[in-house]
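See structure below.
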2 protein chains.
Amino acid sequence: MTDKNIYSYKEGDGKNKLLLGGKGANLCEMTQIGLNVPPGFVITTKTCLQYLEQGNLPAGVMDSVKQHMQSVEADSGKQFGGVDNPLLVSVRSGSAMSMPGMMDTILNLGLNSQTLNGLIKQTNDERFAYDAYRRFIQLFGKVALNIDDKHFDEHFAAIKKNAHVKADVDLGVAELKEISALFLQVVREQTGKNFPEDVYEQLEIAIKAVFNSWSGKRAVDYRREFNITKDIADGTAVNVVSMVFGNMGNDCATGVGFTRNPGTGENEMYGEYLINAQGEDVVAGIRTPKPVQKMQDEMPRLYKELVELRNKLENHYHEVQDYEYTIEKGILYCLQTRNGKMNAVGMVRSSIEMVKEGLINKNQALLRVNPNDLEQLLHPRLNPNNRAIPLAQGLSASPGAASGKCIFDADKAELLGLAGEKVILVREETKPEDIHGFFKSQGILTSRGGKTSHAAVVARGMGKACVAGAEGIRVDTKERRAMIGERVLLEGDIITIDGSTGNVYLGELDTIEPEFSEELKVLLGWADEVARLKVMANADTPEAAEKAIEYGAMGIGLCRTERMFNDVDRLPIVVEMILANNKEAREVALSKLLPIQRSDFKAVFTTMAPRPVTVRLLDPPLHEFLPTEAQLHDELKNLHQLRGTVKGVANLLSSIRLSQNNPANLPTPLPSPFDEMSEDMVNEVIAKKERMLQKVRELYEVNPMLGHRGVRLGITYPEIYTMQIRAVLEATAECMKEGLPIHPEIMIPQVVTSKELERVKEIVEITKKEVEQEHGIELKFEFGTMIEVVRACMRSTQLAKVAEFFSFGTNDLSQATFSFSREDAENKFLPLYNETGILHDNPFEVLDVEGVGQLMKMTVEWGRKSRPGLRVGICGEQGGHPDSIHFCNHIGLDYVSCSSPRVPIARLAAAQAKLLEDSYVAE
Amino acid sequence: MTDKNIYSYKEGDGKNKLLLGGKGANLCEMTQIGLNVPPGFVITTKTCLQYLEQGNLPAGVMDSVKQHMQSVEADSGKQFGGVDNPLLVSVRSGSAMSMPGMMDTILNLGLNSQTLNGLIKQTNDERFAYDAYRRFIQLFGKVALNIDDKHFDEHFAAIKKNAHVKADVDLGVAELKEISALFLQVVREQTGKNFPEDVYEQLEIAIKAVFNSWSGKRAVDYRREFNITKDIADGTAVNVVSMVFGNMGNDCATGVGFTRNPGTGENEMYGEYLINAQGEDVVAGIRTPKPVQKMQDEMPRLYKELVELRNKLENHYHEVQDYEYTIEKGILYCLQTRNGKMNAVGMVRSSIEMVKEGLINKNQALLRVNPNDLEQLLHPRLNPNNRAIPLAQGLSASPGAASGKCIFDADKAELLGLAGEKVILVREETKPEDIHGFFKSQGILTSRGGKTSHAAVVARGMGKACVAGAEGIRVDTKERRAMIGERVLLEGDIITIDGSTGNVYLGELDTIEPEFSEELKVLLGWADEVARLKVMANADTPEAAEKAIEYGAMGIGLCRTERMFNDVDRLPIVVEMILANNKEAREVALSKLLPIQRSDFKAVFTTMAPRPVTVRLLDPPLHEFLPTEAQLHDELKNLHQLRGTVKGVANLLSSIRLSQNNPANLPTPLPSPFDEMSEDMVNEVIAKKERMLQKVRELYEVNPMLGHRGVRLGITYPEIYTMQIRAVLEATAECMKEGLPIHPEIMIPQVVTSKELERVKEIVEITKKEVEQEHGIELKFEFGTMIEVVRACMRSTQLAKVAEFFSFGTNDLSQATFSFSREDAENKFLPLYNETGILHDNPFEVLDVEGVGQLMKMTVEWGRKSRPGLRVGICGEQGGHPDSIHFCNHIGLDYVSCSSPRVPIARLAAAQAKLLEDSYVAE
């Protein structure tokens, strides 16, 4: 391709989104497949980058723009700046990645005092022309001249008030003229210059404004939030397209549509339109549009054409499309189309159906669903037995139920959200400026706008619940309250919204966990067929094990025994063990824990049978089971006070008993809560707490993350591991005797050398023999190691001689590889590192392929040197992250283990990893 | 070699120390080179291992012993168990590694009631025979029958007391007879059996006892302390040698010698002897022996023979020998020889001289000195201007001066030493049981024994100061005091001993740092010629830089800028910077630090010119410069009290001023320390401390080792690094303008990704241009990175694109690789890990070749992929450890940097590494 700055839609390459932007490329493609697209051209993203770098448009660009405008003039039969039949254009941004609402668009460009008259003459509709004119002045003023909207809005509101008019469409010519004049005055006042009359000057300013919007704060924030990096979108293209008008009368309309229902995935006409309106009216939610089905009655011919358009789009793109159209005096123009952003429900259902319809195959179906989006399916729904009466109803704009305090602006929503509060952002309508509030809210409620309003689109993209256009609610941002009829909703009141029905309720309603849809089951079934990686769950209790099976886990990859220690009925025994001053006393406490752990294991094994269960022996440092030093100080302070009180009461009682003349006629003995409590008893508790305090001090560590934990405990206190091993093996024996097909595994944490493994293995062997003799059965289980210390990676050839399997503990391994303490890093410097691109991701969420990943790769290779076919998995948090799963698949891992709710995500990601295997390129 | 259990000295392989033990192999070699060695044979170490494993001597061993005894009988003309001319033998341990005093020896074996009479007849010396008899019974009783010495000692002391005899030699036949009888009775009482009369029974028991001593606590402790692993010594051999007697009269003697002076290395006759004594008398220090020179007068012929023996030994072994001999009735027997344990002074001087004498070449000289021993040369000496009058004088048994509390038993010395106290162990004489006390003492003082006494030998081996045989001191262990004439030395009194002169002083005397001897300079000069690795020092100040040059450092490999921050005059500015709430306030504080750092750097550069200086930018987390939370709490408590006092005084003063009738006639105003102090001032201090407290809480980290430090600080507060970079570059510019040939380098700590380096490099580039313009000079310097985070190892190819050099920070890297927090590990589990062999060494002292080392190896290879010839060094603590230096040499590092006092050690180790390069075998 030559180094052209501009392509007409007839010539541009519809596949080259990087150069032409998504919208531009699509317009080229649409034009070239014969859809009725308004004539126009696209200025490349490369031009944008040159402009942003140089601060100026590259030489010759405006000349080329003029040439292309001449073609558009020829195609449309109108003249740009023409007095008689003026050509108006839209100037729109469009980068390689869709960033809805993030960058600027200017409509009706080409209007000035001259062409305005031409437009009036041409359309014979003075009202329409002035309406277009005032819209253009405001939009151009805001976007291209950086004038604050409020200056325009004040005038507009005042005029409307004076005219006693509610809707914009009710404004008459006179008011619109007055508004236009006032708007021109605003421009003069705010910029010190007249509004540009020269249409090419308008065009040049607009092009530059669109380019500038690429580096605007909103766009930069959005790209960061959605990880849009330079290799996938760099710069925005500018589309200059001749305007078609949906607001030239009642044979005009404008609308948006999805080729399928993006909320449910259903194969149906979906969208909204407004008669006699411009496209922005639909999207901005200023007027509530009508569902597209209505068009069957209102414009039956055009509805048919729209159905044809929809079919053409899906047949061409093999993907659900999100399209915009305008009807100008009875002619349907397709303005744009792009792959539809659907929520997970929609993606899953449409995937299944498109396979059935033969539009795509199974693998394509698996690949088109973003695994992370499945998380939406795990959002709670309202309990269907709920009988609460809605406060109000709006449109079901993004499914899922959410409760929280209603908050009336994005800043406050963000603040409270950051502070851990559950928040519903409540607005009349939302704008791109509100996006930071979205991220931290549970859900969004608007009183205006439709299913394709900003609030709806953004909420769906984020998988957040949204009810839009709940017109019964009047939001009063100034007074920070909302009125629903007579009822007042104050800021901070808790509400529940149901994005699936559009209902809004007062208070926090009962929700239920989502079940898998049949479609999702089908899709994940296909995924399991394709995937090479097995997906396990991290689960520590029988209940969690059941949950894991529901989510489709193929086993438990990490069963943390310390979670069992933390239960209220066990903790005192654990504390007893820790306080023990010698091995014998420790063993007494351990012997009490043994039956508890055994029955825990037995229950988990039984639940999971025949799936494998990997039991990790005690990992955290012992001080984690004790109170903190500060807590104990407080407790002791209180106890000393109590002792004083007990003493006082005892003295009082005895003096009363001694006194023969009991002046107050008090009964003897005085009934008292201290009656049963002697000073000695308090002293005993004090002594125990003091022992605890001393132990806490003994166990104090400067860097607990790198401390006395894991196998280091197992080596220093072998009796602890001995108890746990015995509990596992006794549970195994009991299950095996019951004929259960169980697959238990014992896993050792924090290993740095094979010698540690050998020591523990000795205990295992001895205990195995003992249990086998006691039960008269031959035990089957495996013995493996966590790989979560860097040295273990380096020694994996040696470790694999002892361990039958490896499981990467990437939480700890990542901390050690980066020398970042997660708790400290995420509070101190990691956000800055991510924001400034020093690190692309948070390595505790997404596996750091370049560092931790390289270690893992070597570990697998070296481990399999001494044990070919060594089974290797991952059980860190990253094990449920799709990118990390791709990498795990690439380096030949056998399984990933993650929290249960991420299991479905991991199953899909594992399938995708296999499908994309060949395209993965190692660094 | 066949699987023989026993070899006679005529047939054993003198090179096979592993099988025959050092002593056995030497006796074979000595016999075979024609020295007059008493006939005997050696039972192999393998036999020992078989015995220890099976609990029994392998079948046939005792038969073979009998056969060999028959040969010895033939060679000596005596009969074992013979009544007329009885053969007595010594049974001695001897493993592949010398472990002086650690295992057991039995002399005079073969004596019983029958042979005793034969011995009397044969020697016509009843006194000698009974003396031998009582010695044998006691030694056999103790060693072979496990009878506590005290049972014998009590009888012995009582008899001596009754006889009013001071020295053993003054005991008469009657007493010795009585003693023998009593000793036989002790054996009966303690074992319930008669003393064995059968000489082969005696021999078998003795052989087993020697074998058992290999696994005794003392021996095991010693092997652990000196890292004697199975591959270098496994099991002890037993030497059965016919006794020759140095105590048969005044034509008899026994002695020990070194072929050169082991304390000074001087080429002279060195050693001690006792006439009419057995060897143990010399070693045990019971009688104070005479210097060997005395023999020239007392036994001139034998002295000549001894000189010949000495020459023969050195000419054969090309190594200084430590030998033992006995003269029996005018005939000189050489009993054993081994490589002499010399202190560093001795090793260095003898190395140089042996090269001059043509005995060895330069490389052999370099290889025979243990680099770690050079540390002894760095021990303080007494200031020669010291005019203190010694309390007492003893023998200069091990050089160096040491001060500490005098402590009268090893247990207490160990305890106090562990607690960090400086201790001098003071004993009448020391025994192998005392060795744990040696490890933790600064020096050893004995009132008895010579230069080859246990105390002297062990102290020299450890490089500890020792004064032995200070007979003017009477040690009273029971009363825990020592008498020196009338003066009483109580336990805990501080004394100073000078192991180089033998003087003992009261109090702590002024010491001076050692200077290099000429010989050491020569040796290290040879080392520098041979070595490939350069040796740098870690030094932070101009004074430290001067010291580094003295030690022969070739540059500064690590100049820690934070050390400069910690000075009293700088810390307040640093604190001001930390407390600053914004960048501007921070920059105000930094601008005060800039000139200070610049002048520091200038001074260091100037001192080191033309050697390179690597400046590391700020590394520790900021909270390290602030007081702890607890400290601040205390300070605030005190300040609040002070405020109360100030208020009270102010009230008092004003009431006095107001009072017209001043009753106490106090002057107005009252002079007071609070006069100048207002409540406001105190409030101001309180406010500041509270700000500090708040900041300390803000900066709190769960795992500070993995926290907000190093380049992470440089990225979050770029102004800090900007100041430091400017200080380095301004200092560079000033030095360059003065024509100094300096080589500054800027090094960045804690790097995990090349992006961090790029960010800092940008600052460097900008600052460079600014400073170049300001000074009109082109700056020359290098930019590099620490490699102390595992991820940096993984990303070394990328890092080397930005960094011009790497320096491994193996302190942090080892912590991260092991996930061991050094402070925690060394207190909690690392000692157990080392004791039980899970880890061979403390990885924070000795580089962990298998883990950390593998990471380093890969890092070097990968780094040089993108920058061939990349300069790489190490600046962790391990950089001064010989084993680690060998590894660094092996993996192609360019330099090591260590603390200055370890520089000489590192220089020698670097040379040895080069010499041994080919013999290094990678894992």
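So that the names make sense, note that chain A is the first sequence line, chain B the second, and so on, each numbered from 1.
- Exactly one residue among Arg795(B), Met794(B), Met858(B) makes a side-chain contact (heavy atoms from CB on, under 4.5 Å) with Gln854(A). That residue is Met794(B).
- Contacts between Arg709(B) and chain A at a heavy-atom distance below 4.5 Å are absent for every atom of the residue.
- For Leu699(A), the part lying near chain B is the backbone, with the side chain staying farther off; criterion is any non-hydrogen pair under 4.5 Å.
- Looking only at heavy-atom pairs under 4.5 Å with chain B, the residue among Thr753(A), Val852(A), Ile715(A) that has the most is Ile715(A).
- Heavy atoms closer than 4.5 Å to chain A are found in the side chain of Asp824(B), but not in its backbone.
- Using a 4.5 Å cut-off between heavy atoms, Ile838(A) touches chain B through backbone and side chain atoms alike.
- In this structure, chain A has no heavy atom under 4.5 Å from any part of Glu758(B).
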Q.
Go through it in stages, so that I can follow the logic: the residues are Glu850(B) and Gln798(A), the test is side chain to side chain contact (heavy atoms under 4.5 Å, CB included), and I'd like the CA-CA distance, side-chain angles, deciding distance and then a yes or no.
A. CA-CA 11 Å; Glu850(B) 296 176 344; Gln798(A) 312 306 317; over 6 Å; no
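- For Val711(A), the parts lying under 4.5 angstrom from a heavy atom of chain B are both the backbone and the side chain.
- In this structure, the side chain to side chain contact (heavy atoms under 4.5 Å, CB included) partners of Arg822(A), at least two apart in sequence or on a different chain, are Gln815(A), Glu826(A), Phe844(A), Glu845(A), Glu877(A).
- Using a 4.5 Å cut-off between heavy atoms, Tyr700(B) contacts chain A through its backbone alone, with no side-chain atom that close.
- Considering every non-hydrogen atom in both Val752(A) and Phe818(B), the closest pair reads CG1-O, 3.5 Å.
- Of the listed residues (Cys793(A), Gly837(A), Ala792(A), Ala825(A)), the one with the most heavy-atom contacts under 4.5 Å to chain B is Gly837(A).
- Of the listed residues (Leu830(A), Thr836(A), Asp812(A)), the one with the most heavy-atom contacts under 4.5 Å to chain B is Thr836(A).
- Heavy-atom neighbours of chain A within the stretch residues 619-630 of chain B, taken at a separation under 4.5 angstrom, are nonexistent.
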